[in-house]
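Report on the structure given below.
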There are 2 protein chains.
Amino acid sequence: MSRKEIQEQRIRNYFIDATREILKSEGLKGVNVRAVSERAGYSYATLYNYFKDIKDLVFICVRGFQEECEQYIESQTAACVPGKSKIKAIYRAYISYFVQYPGIFELFFLEQMNSIGGKQPTSELIYSFPDRLSEKEFMYCEENLIFTRAETEILKSDLKLAITGLLLFYLHRQQPTSFAAFNEAVGSILDRHLPD
Amino acid sequence: MSRKEIQEQRIRNYFIDATREILKSEGLKGVNVRAVSERAGYSYATLYNYFKDIKDLVFICVRGFQEECEQYIESQTAACVPGKSKIKAIYRAYISYFVQYPGIFELFFLEQMNSIGGKQPTSELIYSFPDRLSEKEFMYCEENLIFTRAETEILKSDLKLAITGLLLFYLHRQQPTSFAAFNEAVGSILDRHLPD
DNA sequence: TTAATAAAATTAACAATGTTAAATATTTTA
DNA sequence: TAAAATATTTAACATTGTTAATTTTATTAA
């Protein structure tokens with residue numbers, strides 16, 4: 001990277017960080033051109049020197065949040081024994097990340113992707129994210145003949161759909177109405193799909 | 001209802017119908033105060049004499065779409081033999097309704113419910129909708145000892161979550177990318193949960 | 001080093017949308 | 001039919017996204 005590119009990327013990061021902070025605290029409803037730019041320390045129009053539009057900026061945050069989520073999961077599951085119980089722990093941590101930051105769930109799953117340009121890559125990135133998180137452990141299970149290849153594929157798909165649905169209803173529609181009931185539903189799904 | 005109330009409800013319905021039409025054709029992005037009012041044949045400010053705000057109006061449409069969806073499902077499944085195969089047909093028709101009207105899926109599952117007033121009832125209405133649709137057939141299965149009560153409860157919950165998740169990814173993130181692959185995923189879920 | 005040029009940032013302005021207030025038109029009632 | 005109540009519309013304002021014109025800052029060539 002040239003000197004100019006480094007400086008340019010630095011300023012881009014000011015805007016990205018500002019957007020991340022707002023997404024984590026207030027969610028998407030708090031993100032707008034003026035709020036982001038002010039937090040980044042620039043005028044609202046400056047944003048357009050570095051990003052196509054505000055949606056562009058918002059979706060750039062996806063990858064960063066995925067990395068953060070991945071690190072959080074690793075910190076939460078480092079001590080688990082490999083195999084089924086670790087897979088369960090990974091999904092539990094994944095869920096707990098989104099419960100902690102509902103705005104990030106909203107961004108990942110609910111926000112419209114109108115920008116025709118970088119649309120498919122981000123979609124694919126989000127869709128395959130849970131699979132990537134549990135990839136290593138499922139491979140371990142296959143190697144140790146705990147699951148077949150076909151079982152693994154079905155399990156990954158089922159868990160992704162069930163957990164996304166569960167989070168959607170809980171975070172967006174407050175169904176179930178209590179956190180306790182939500183947790184029970186999570187436990188039921190994980191235990192039935194991954195019995196000890 | 002008094003004469004005045006009848007006339008008032010009639011005008012409310014003009015706005016509701018206008019909103020329904022826009023939701024079905026253009027989706028939520030096409031719904032705004034001026035577009036709805038113009039289609040209803042009134043000035044934009046008149047809307048506020050009949051509805052608290054535009055979100056109020058939009059969520060009033062939920063019940064109507066549920067009725068329409070219910071009728072569509074009935075027309076599609078009237079000839080099915082009762083039991084498991086009819087349950088599958090019901091969920092297939094349910095899915096096909098939302099594939100036909102992605103804007104209605106968006107309204108049901110993705111739209112924010114900020115109006116603090118009538119919020120919980122609508123959430124509950126949406127959450128329990130798939131259960132209500134299949135209620136009769138699941139009762140038939142219980143009576144004929146095809147499923148136990150506990151199995152029924154788990155099945156209803158699993159199907160609701162899996163199908164909502166599937167529709168979310170397909171309609172909102174275009175994952176899977178082809179309709180054929182989506183249909184295959186639907187078939188896989190239904191056949192595994194409700195084997196012949 | 002400084003004047004000319006290029007680049008970056010800001011302010012002004014406009015469009016779209018939601019909403020409210022003031023003004024106008026219509027209907028009801030005495 | 002005139003006064004009062006009701007309904008509707010136009011005007012106006014706030015918010016947000018975006019672009020254009022202007023100003024400020026940085027770079028470069030003499």
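Order of the sequence lines fixes the chain letters, A, B, ..., with proteins taken first and strands second; residue numbering starts at 1 for each chain.
Aromatic ring orientation, B/Phe169 versus A/Phe109: perpendicular (interplanar angle above 60°, classes split at 30° and 60°).
Applying a 4.0 Å cut-off to non-hydrogen atoms, none of the residues of residues 18-27 of chain B approaches DNA chain C. For DNA chain C, the neighbouring residues in residues 39-49 of chain B, judged by any heavy atom under 4.0 Å, are B/Tyr44, B/Ala45, B/Tyr48.
Atom pair B/Phe51:CZ and C/dT19:P shows a separation of 13 Å (rounding to whole Å applied). Atom CD of A/Glu38 is separated from atom P of C/dA9 by 17 Å (rounded to the nearest Å). For the pair B/Ile11 CD1 and D/dT9 C1', the interatomic distance rounds to 14 Å; values are reported in whole Å. In this structure, A/Lys52 places its NZ atom 12 Å from C1' of D/dT18, rounding to the nearest Å.
For residues 174-196 of chain B, the set of pairs meeting the ring-ring contact (aromatic ring centres under 6.0 Å, His included) definition, not counting sequence neighbours, comprises B/Tyr170-B/Phe182.
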Please tabulate, for the side chains in residues 133-143 of chain A, all donor-acceptor contacts under 3.5 angstrom to protein atoms that are two or more places apart in sequence or on a different chain.
residue  : atom : partner  : partner atom : Å
A/Ser134 : OG   : A/Tyr91  : OH           : 3.2
A/Ser134 : OG   : A/Pro130 : O            : 3.1
A/Ser134 : OG   : A/Asp131 : O            : 3.4
A/Glu135 : OE1  : A/Lys156 : NZ           : 3.2
A/Glu137 : OE1  : A/Gly83  : N            : 2.9
A/Glu142 : OE1  : A/Arg149 : NE           : 3.3
A/Glu142 : OE2  : A/Arg149 : NE           : 3.3
A/Glu142 : OE2  : A/Thr152 : OG1          : 3.2

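Residues passing the side-chain contact (heavy atoms from CB on, under 4.5 Å) test with B/Ser188, sequence neighbours excluded: B/Arg192. For B/Ala45, the side-chain contact (heavy atoms from CB on, under 4.5 Å) criterion is met by B/Ser43, not counting sequence neighbours. Under the salt bridge (Lys or Arg N to Asp or Glu O under 4.0 Å) criterion, B/Arg20 pairs with B/Glu68, sequence neighbours left out. For B/Glu111, the salt bridge (Lys or Arg N to Asp or Glu O under 4.0 Å) partners are B/Lys55, not counting sequence neighbours. B/Ser85 meets the side-chain contact (heavy atoms from CB on, under 4.5 Å) test with B/Val81; sequence neighbours excluded. Residues that satisfy the salt bridge (Lys or Arg N to Asp or Glu O under 4.0 Å) test with B/Glu21, not counting sequence neighbours, are B/Arg39.
For B/Asp53, the listed nucleotide lying nearest its side chain is C/dT19; candidates were C/dT19, D/dT8, D/dT18.
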* Determine, stepwise, if the pair A/Ile11 / A/Asn49 fulfils side chain to side chain contact (heavy atoms under 4.5 Å, CB included). => CA-CA 10 Å; A/Ile11 294 176; A/Asn49 291 341; over 6 Å; no

Polar pairs (N or O, both sides) under 3.5 Å between protein and nucleotides 22-29 of chain C?
none

Might you list the N or O atoms of the protein lying below 3.5 Å from N or O atoms in nucleotides 14-16 of chain D, with each pair's distance?
none

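Backbone-only contact: B/Tyr50 has heavy atoms under 4.0 Å from sugar-phosphate atoms and none from a base.
Between the side chains of A/Gln76 and A/Arg92, no donor N or O sits under 3.5 Å from an acceptor N or O.
Relative to the ring axis of A/Tyr50, A/Arg12 does not place its NZ or CZ within 45° and under 6.0 Å from the centre.
Atom CD of A/Glu151 is surrounded by more than 12 heavy atoms from other residues, nucleotides or ligands within 6.0 Å.
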